[in-house]
Structure formats: C-alpha cells, structure tokens
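Worksheet for the structure shown next.
The chains referred to below are lettered A, B, ... by the order of the sequence lines, with proteins before strands, and numbering in each begins at 1.
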Number of protein chains: 2
Amino acid sequence: MENPHLEEAHEALRVRRSREETVLLVGECSVKYEGRASSTLEPGDRVLLIKQDGSLQVHRPFDLSPVNWQPPGSILRLRIQDRSLIIRAYNPRGRESLEIVFSKIALLAVLDLRDSGSFFLHASEEEMRSAILLQPSILEEGFKPLAVERPIEPGFIDILGLDGRGTLTVVEVKRREAGKEAVLQLKRYVDSLRMETGKEIRGIIAAPGLARGAQRMLAALGLEFKVISPQRCEEIIRRDKERRMTEFLT
Amino acid sequence: MENPHLEEAHEALRVRRSREETVLLVGECSVKYEGRASSTLEPGDRVLLIKQDGSLQVHRPFDLSPVNWQPPGSILRLRIQDRSLIIRAYNPRGRESLEIVFSKIALLAVLDLRDSGSFFLHASEEEMRSAILLQPSILEEGFKPLAVERPIEPGFIDILGLDGRGTLTVVEVKRREAGKEAVLQLKRYVDSLRMETGKEIRGIIAAPGLARGAQRMLAALGLEFKVISPQRCEEIIRRDKERRMTEFLT
DNA sequence: ATTTACATTTCGGGG
DNA sequence: CCCCGAAGTGTAAAT
C-alpha cells in the first residue's frame, strides 16, 4: 500500500495474523522508549520493521543500528488517536515499552516471508580453537592439548596443554587483535592454575595481533604471544573436512 | 514497485542518486560475506535495507539483528547475471565484501527520507556518574568525589573520592547488574591504587544489581556493593535541570 | 589514526 | 532461568 490512510494502515496491521507476517512501515513518526533506559526521538521519516517473531526496529535513514527497537516476543497494541497511528510494543518480561507515533505513512507492506535457509559463519573463535586442537603445531611445535574450556576460578581456560618440554601451558584464543583485557584474563588463569598446581605455568595468547600497550604488559607479566589468524584456522578446518569426506567416500 | 522484473529493479537502483536515497528490497536471496570472518546464507525470503549513508543490512523474518550487513560508507556494485540481480557491497577500508544474489523480487521501494529529529537517551552510565557527583549521598552519606575517569594502570577509575572517614574510595559504576568481570575490574583499580599510594583503599560497585557468583567474589576480595538504579539517577539529573532552569528564569 | 570502554548491546551455550 | 562471554560486535570519546 502506498500512501494509505491511517485507518487503512490500522486495519491492515490489525488483520495481520498475529506475529506470523513481517511488516514494513515507512513514514513520519516520533518514538518514546521506557525500560532499562529511556529515550525520546523527535519526528522524522523512518522505516519500521516488524518481524514474525515479534521483534521490531525503527531505522533512521542513516546509521547501521536501529535508533529504537524491541526484542523478539514483544506484544503490539495499535490505536488511532489525534490523526496519528500509534503503535505500542510491550516486552512482557523486561517491562519495557516502545511507543511509535506515525503522523504520515508513505508505505505499508505486510509480507509473508519464508526463510529456512541455513546460515554458516566461519573464522569464529570456536573454529580457531578447533584448528589448534586439530593441528597443535600451528601454535608451537610439540604442543599437546589436554583440555578445552577447562573451568577455573574465575572463568574457563580456552585450551590447556603441555608444551614440548612438558610444561603446563594456558592458551587464550582471540579471533581479533588482543588487548590489555585479554592479557589480564590470561594472567588470572595462569596465576590461578599456578596456585592450584604449584607448578610452573606458561601463558600464551593466540590471536591475529596484539595491541601496542598490551605488548608491554604481556612482557612485564612474563606471558607470550603467537600470531594465529582466523582465516588460516578456517582453512585448516576446511581441509580436514575435505579429508574426512574423501576418507568416507573411499 | 511490486514484483518488478529484475531488469526494472536493476534500472531503478542504478538511477538512484548515489547514496542519497534509502532502498527497501524484499525477495528471495542468498548472501556471501568475506572479510574479518566469512559466512554463507542459503536462499530464503529477506528484507534488504540500504541507507543514505551507504550502510546496508539483510534481515531474515526473525531475529533482531541483521544476518549480514555492511557499515556506513560502503560502495555498491549492481549487475544482472543468470537471471539474478547481484548486489555487491565493498567496504573500502576493511577490505570486506558482501554479495547478495536476488533470484526473486517481491518489493522494491526507493525512498527519500528526511530525518533531522533529535534523539535523546537517558539513564546511561554517564548519567549515573553525573548523578553521583551531583548527589554523592545516594552512594553513601559523607562521600566526597575527588575525580572522575581518573587514569590508572590499566584503565580509568569511574569515580574516585573520600568516604566519611577520609578513606580513599574507588567507585565502579555499572548501568546494569554487575558480574564477575566488574568485580575483577574494581579489584585491579583498588590494588593498583593501594600500590600507588600505600594507603588503605575502599572499593565500591555502584549498580542496580550484583550477579550471584559475583557476590561471593566481592566478599572474598573485601570489596563492597551499593544498589544504584539508572532510573533514580535519571530523576536526579532531571530534577537538577529543572532547578537550574527555574533559577535561570527567576 | 589508535585506543578504550559503553551498549536498552544481541546472541548463544551451559549449568 | 540465570550466568557468562563472544561478536564480522557498533559506536563515541579521548589520546
């Protein structure tokens, strides 16, 4: 519907089988949010996207992220008042509410979208961990993994293993350049494990890079760093998959 | 345009004055992303939103966040191939690329959106800090702030002050329930400042809540917690604004 | 340009 | 359901 009357839009939205269709609404609106925080947005042209799962988002014509939104599972209330279409979205759990007041509507589309396609993401931190387990030599020749996600106070050690000399080694994996936070995280684990075992412990950050300030801190704390790129890990995973596929077929 | 031919859609997008209009494109598509990570998305019905600032996002009919996106400043390339409309978005800086292949188009809208309305967000962590400075008693009777965002190795102390007895006190402010990470952050600051000054230091987390596990850790480390809600801070700020407005007018 | 920390972060996994 | 941490995090402010 192009330039529908407010009443037409109201009716079309009301009829929408609850939560089963996706709605696009473009027009002039103002927005008020009240919940964990609160916000107000003065009138302007925006795009409102309401999804099948009850999530909704208000987009300005700039910025990647929505200016206001409500997570999946929200409940909608519609009404016409003062020549405006008012949409209220409640989030039952978090007692949050969003009120969008449309004074003009340029476009309304109610869409039945079918989307069951799978989404695959590669080069994640989890893939990096898997690649190191599959081919420990990319971290260091002679490294032998013992455990992944080993619980320690406080948190979890990404990879715990033994180096070529048999020294217990804590590996902290990051998919992007590691900063001071990562260094301190690693230090906590090393200290905690040293306390626990009473033995010498090595600590290594495995990441595609290490921030300048973090380098000094790392050195000062007697920890180490090894360049590991997510892309290379992804390739190791892919080659392993292919290898296993070939073995399966032959 | 409803159910436009691929060629019509291609032409309409080509003509769009570069980056000056917002585009909504709904239809069946698949997506490939290559950059910091990589991803593939199998065919399905989605909403593509291209904004005036060159940002774009692909939305599935569920989930709040887009399944694929490109930040503001991206460059678009369009072509028709194999009965599909192919949209490539390059990010010149991060050498990232997104390729969206539309096989069917249900809706195409090219929109000239005018949006200069101001956006105001309240109850942020910054407002919480301001409220404590304005009315230190909400933290503790007799508390006197000395500095905000005081640099320390490593990081910044949210609020540094003196308690009623004159003891140096580090305050770590969180706008939502604080977890272990916040406790450890506070402990680093307290330890660092104790080392720096050689004096006794108190450490207080000011937040609307404290996670279960973090409570034990807090107690074990000799730190403290004070309930401070962002909403209450917002009210203090608002009342102060009103007061100053009144003073200004009288 | 780089670093730093917040965010109505969102999202997913594990206990 | 709570808790915890990753994310193609994005974003803005400070250095």
Side-chain angles (χ1 to χ4, degrees), chain A residues 31-39 55 57-58 63-72 74 89 91 93-98 119 121-129 149 151 154-156 158 172-177 179-182 185 208-209 211-214 230-231 234, chain B residues 31-39 55 57-58 62-72 91 93-98 119 121-129 149 151 154-158 172-185 208-215 217 230-231 234:
Chain A
V31 188
K32 276 193 165 69
Y33 156 72
E34 196 73 46
R36 285 168 290 182
S38 63
S39 71
S55 69
Q57 41 199 297
V58 179
D63 288 349
L64 184 56
S65 39
V67 62
N68 282 112
W69 69 91
Q70 203 65 280
S74 305
N91 190 320
R93 305 196 302 104
R95 59 187 179 291
E96 302 204 284
S97 79
L98 195 61
F119 176 69
L121 178 65
H122 301 289
S124 63
E125 184 180 312
E126 191 191 342
E127 278 202 353
M128 290 179 72
R129 280 201 302 267
E149 295 287 322
F156 297 86
D158 282 339
E172 177 65 31
V173 181
K174 290 284 172 227
R175 72 166 307 289
R176 53 177 186 170
E177 185 173 275
K180 289 182 180 181
E181 204 58 34
Q185 197 178 344
R212 191 68 69 93
Q231 285 76 8
E234 183 190 346
Chain B
V31 188
K32 276 192 165 70
Y33 155 74
E34 196 74 46
R36 285 167 292 182
S38 63
S39 71
S55 68
Q57 42 199 297
V58 180
F62 48 86
D63 286 350
L64 184 56
S65 37
V67 63
N68 281 111
W69 69 91
Q70 202 67 279
N91 190 318
R93 305 196 303 106
R95 59 187 179 292
E96 301 203 286
S97 79
L98 195 61
F119 177 68
L121 178 66
H122 303 287
S124 62
E125 184 178 312
E126 191 190 343
E127 277 201 352
M128 290 178 71
R129 278 200 303 267
E149 296 285 325
F156 298 86
I157 293 173
D158 282 339
E172 176 65 29
V173 180
K174 289 285 170 230
R175 72 165 309 289
R176 55 174 184 170
E177 185 173 274
K180 289 184 179 182
E181 206 57 35
V183 176
L184 290 166
Q185 197 179 342
L210 186 63
R212 190 72 68 89
Q215 289 177 21
M217 185 183 283
Q231 285 77 8
E234 182 190 347

Query - Rounded distance [0.5 Å steps], CD in E125(A) versus CG in D158(A) - result: 5.0 Å
Report task. Could you tell me whether K32(A) and E34(A) make a salt bridge, using a distance below 4.0 angstrom between a side-chain N and a carboxylate O? Result -> no
Query raised in the report: Side-chain contact, heavy-atom cut-off 4.5 Å: S39(A) with F119(B)?
Result: yes
Query raised in the report: Quick one: OH on Y33(B) to OG on S38(B), what's the gap to the nearest 0.5 Å?
Result: 8.0 Å
Report task. Would you give the length of the straight line joining atom CD of Q57(B) to atom CD of Q57(A), rounded to the nearest 0.5 angstrom? Result -> 6.5 Å
Report task. Please measure how far the C1' atom in dT10(C) lies from the corresponding atom in dC6(C), and state the result in whole Å. Result -> 14 Å
**Report entry** Intra- and interstrand pairs of DNA chain C - dot-bracket, Watson-Crick/G-U under 3.5 Å, | marks other strand
**Finding:** |||||||.|||||||
Report task. For E149(A), check salt bridge (Lys or Arg N to Asp or Glu O under 4.0 Å) against everything at least two apart and list the hits. Result -> R129(A)
Report task. Could you grab the distance from atom CD of E234(B) to atom NE2 of H122(B), nearest 0.5 Å is fine? Result -> 6.0 Å
**Report entry** R36(A) (side chain) donor-acceptor with R175(B) (main chain) under 3.5 angstrom
**Finding:** no
Requested in this report: Would you indicate what E177(B) reaches in the nucleic acid, counting non-hydrogen atoms under 4.0 angstrom: base, sugar-phosphate, or nothing?
Outcome: sugar-phosphate
**Report entry** Interface limits on DNA chain D, where chain B has a heavy atom under 4.0 Å of a nucleotide atom
**Finding:** dC3(D) to dG10(D)
Query raised in the report: Would you say the side chain of E181(B) lies within less than 4.5 Å of the side chain of E181(A), judging by non-hydrogen atoms?
Result: yes
Report summary line: For nucleotides 10-15 of chain C, 5' to 3', base contacts (B), sugar-phosphate-only contacts (S) and non-contacts (-) with protein non-hydrogen atoms under 4.0 Å give BS----
Requested in this report: Using the P atom as the reference point in each nucleotide, state the distance between dG8(D) and dC4(D) in Å, no decimals.
Outcome: 22 Å
Just the table, please: protein N/O against nucleotides 4-6 of chain C N/O, every pair under 3.5 Å.
| unit_1 | atom_1 | unit_2 | atom_2 | d |
| --- | --- | --- | --- | --- |
| dT4(C) | OP1 | K180(A) | NZ | 3.3 |
| dC6(C) | OP1 | K174(B) | NZ | 3.1 |

Requested in this report: Pick the P atom in dC11(C) and in dT11(D), then give their distance to the nearest Å.
Outcome: 16 Å
Report summary line: Applying salt bridge (Lys or Arg N to Asp or Glu O under 4.0 Å) to E127(B) and not counting sequence neighbours gives none
Requested in this report: Please answer whether the main-chain N or O of G35(B) pairs with a side-chain N or O of Q231(A) as donor and acceptor at a distance below 3.5 Å.
Outcome: yes
Query - Donor-acceptor contact present, side-chain Q70(A) to main-chain A89(A), <3.5 Å - result: yes
Requested in this report: Would you indicate whether Q215(B), at its atom CD, is surrounded by more than 12 heavy atoms from other residues, nucleotides or ligands within a distance under 6.0 Å?
Outcome: yes
